[in-house]
There are 2 protein chains.
Amino acid sequence: MNVSNASKYLEDHGINATYQRAIIYSYLYKKKNHPTADIIFNDLKKKVPTLSKATVYNTMEYFHKNNIVQVLTFEDGVRHYDADTKTHIHFNCKQCGMIYDFHTNIDFNNINGIDGFDIDKRFINFEGICKNCKMEKTK
Amino acid sequence: MNVSNASKYLEDHGINATYQRAIIYSYLYKKKNHPTADIIFNDLKKKVPTLSKATVYNTMEYFHKNNIVQVLTFEDGVRHYDADTKTHIHFNCKQCGMIYDFHTNIDFNNINGIDGFDIDKRFINFEGICKNCKMEKTK
DNA sequence: TTTAATGCAAATCGTTTGCATATCT
DNA sequence: AGATATGCAAACGATTTGCATTAAA
């Protein structure tokens, strides 16, 4: 998704598409690695030297409130962002730090005893050692 | 679980059971509401006025490393602690803030495409409006 | 010309650390 | 004594806020 498509996407979701918002959304959409605000800021600063870290934080929070990004937190407590808002599994490798997506075949609509609760969001986060790091070890 | 049982439990898990550790573990075990370090500190300070917040943080981290507590993070990013280390679902009510436990009937061992990954921990966090808050609304 | 968004720096808040004191063996 | 744990205050790092400036409607 390029910046112009991102603008369109934002407008379609009722979000005033400024240059910063569009470039941030475009970046997040393309990067599938669930970056933190700090990573987004440092990458985009190269293209947009005037960009402020506060704008990144505020923009992500704004996107989040408008339901176009997910906020992910793992055990380290740092917020990661994901442009894919559908329910899916995240696997966080505790060795390399990579976050993998798995679009799940699990049905979360039939949990014992949860009747009467309105579930808006489902986060399924796994932690362990990824395939890659396991292979590195056996080399 | 009282303080003396907590001591025993800690020793059984290879943890040097000091007074602070035992009282903190006992508190956490009894409270089923997944408190933050701050809440633990403020509650226990009443009983143990000399208690330090750093001790609470360090102790929880130590328990966590020794696998007798789980660390839970929700969208707000604050760490919550849980003495139940088994995989179970947490439901965080975004209205009243309550965190509910659901011991799940779901089988997480058969996820599409995750073969070759070593999964150590599974966090399943739901967010929405709890039964109680829903009832309040319709009054 | 009014409203909304940005950028910067300072403030805030949760958490960690350094170090002196206390506790336990 | 020697090792480990605690308490306090300072440091730290992620995030938020206040406010002046800029861009957009």
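Per chain, numbering begins at 1; letters A, B, ... match sequence-line order. All of these numbers come straight from a predicted model, not from anything done at the bench.
- Of the candidates dT6(D), dT6(C), dG7(C), dT6(C) carries the atom nearest the Arg21(A) side chain, counting heavy atoms from C-beta on.
- The nearest whole Å value for the distance from the CG atom in Asn66(A) to the P atom in dA5(C) is 10 Å.
- Distance NZ (Lys45(B)) to C1' (dT6(D)): 16 Å, rounded to an integer number of Å.
- Look at CD1 on Ile40(A): it is 14 Å from P on dA14(D), rounded to the nearest Å.
- Summarising the geometry, the separation between CD1 on Ile15(B) and C1' on dA5(D) is reported as 14 Å, rounded to the nearest angstrom.
- Taking CG of Asn58(B) as the start and CD of Gln20(B) as the end, the distance is 12.0 Å to the nearest 0.5 Å.
- Residues Lys32(A) and Asp101(A) are not paired through a salt bridge, judged by the lack of any N-O separation under 4.0 Å between the basic side chain and the carboxylate.
- For the residue pair His13(B) and Asn67(B), no side-chain donor N or O sits within less than 3.5 Å of a side-chain acceptor on the partner.
- Lys121(A) has a carboxylate O that lies under 4.0 Å from a charged side-chain N of Glu75(B), or vice versa, which qualifies the two as a salt bridge.
- In Lys30(A), the NZ atom is crowded: over 12 heavy atoms of neighbouring residues, nucleotides or ligands sit closer than 6.0 Å.
- Between the P atom of dA5(C) and the CG atom of Leu51(A) lies a distance of 16 Å, rounded to the nearest Å.
- One can place CG of Leu10(B) at 12 Å from P of dA5(D), the figure rounded to the nearest angstrom.
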How would nucleotides 10-25 of chain C be written as a contact map, 5' to 3', with B for base contact, S for sugar-phosphate-only contact and - for no contact, using protein heavy atoms under 4.0 Å? ----SBBB--------

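- With rounding to the nearest 0.5 Å, the separation of CE in Met60(A) from CZ in Arg79(A) is 11.5 Å.
- End-to-end axis angle for the helix from dT1(C)-dA25(D) to dT25(C)-dA1(D), using five pairs per end and rounding to 10°, comes out at 20°.
- If you take OH on Tyr29(A) and CG on Asp84(A), they are separated by 8.5 Å, rounding to the nearest 0.5 Å.
- Note: Tyr25(A) and Tyr9(A) have parallel aromatic rings, judged against thresholds of 30 and 60 degrees for the angle between ring planes.
- A close approach under 4.0 Å does occur between a side-chain nitrogen or oxygen of Gln20(B) and OP1 or OP2 of dG7(D).
- Computed from coordinates, the Asp76(A) CG to dC12(D) C1' distance equals 15 Å when rounded to whole Å.
- With rounding to whole Å, Met60(A) atom CE is found 16 Å from dA5(C) atom C1'.
- Of the side-chain N and O atoms in Thr18(A), none sit less than 4.0 angstrom from OP1 or OP2 of dA5(C).
- Legend: ring-ring contact (aromatic ring centres under 6.0 Å, His included) pairs involving residues 66-88 of chain B, not counting sequence neighbours, sorted by first then second residue: Phe74(B)-His80(B), His88(B)-His90(B), His88(B)-His103(B).
- Taking side-chain N and O atoms only, Thr55(A) has a distance below 4.0 Å to OP1 or OP2 of dG7(C).
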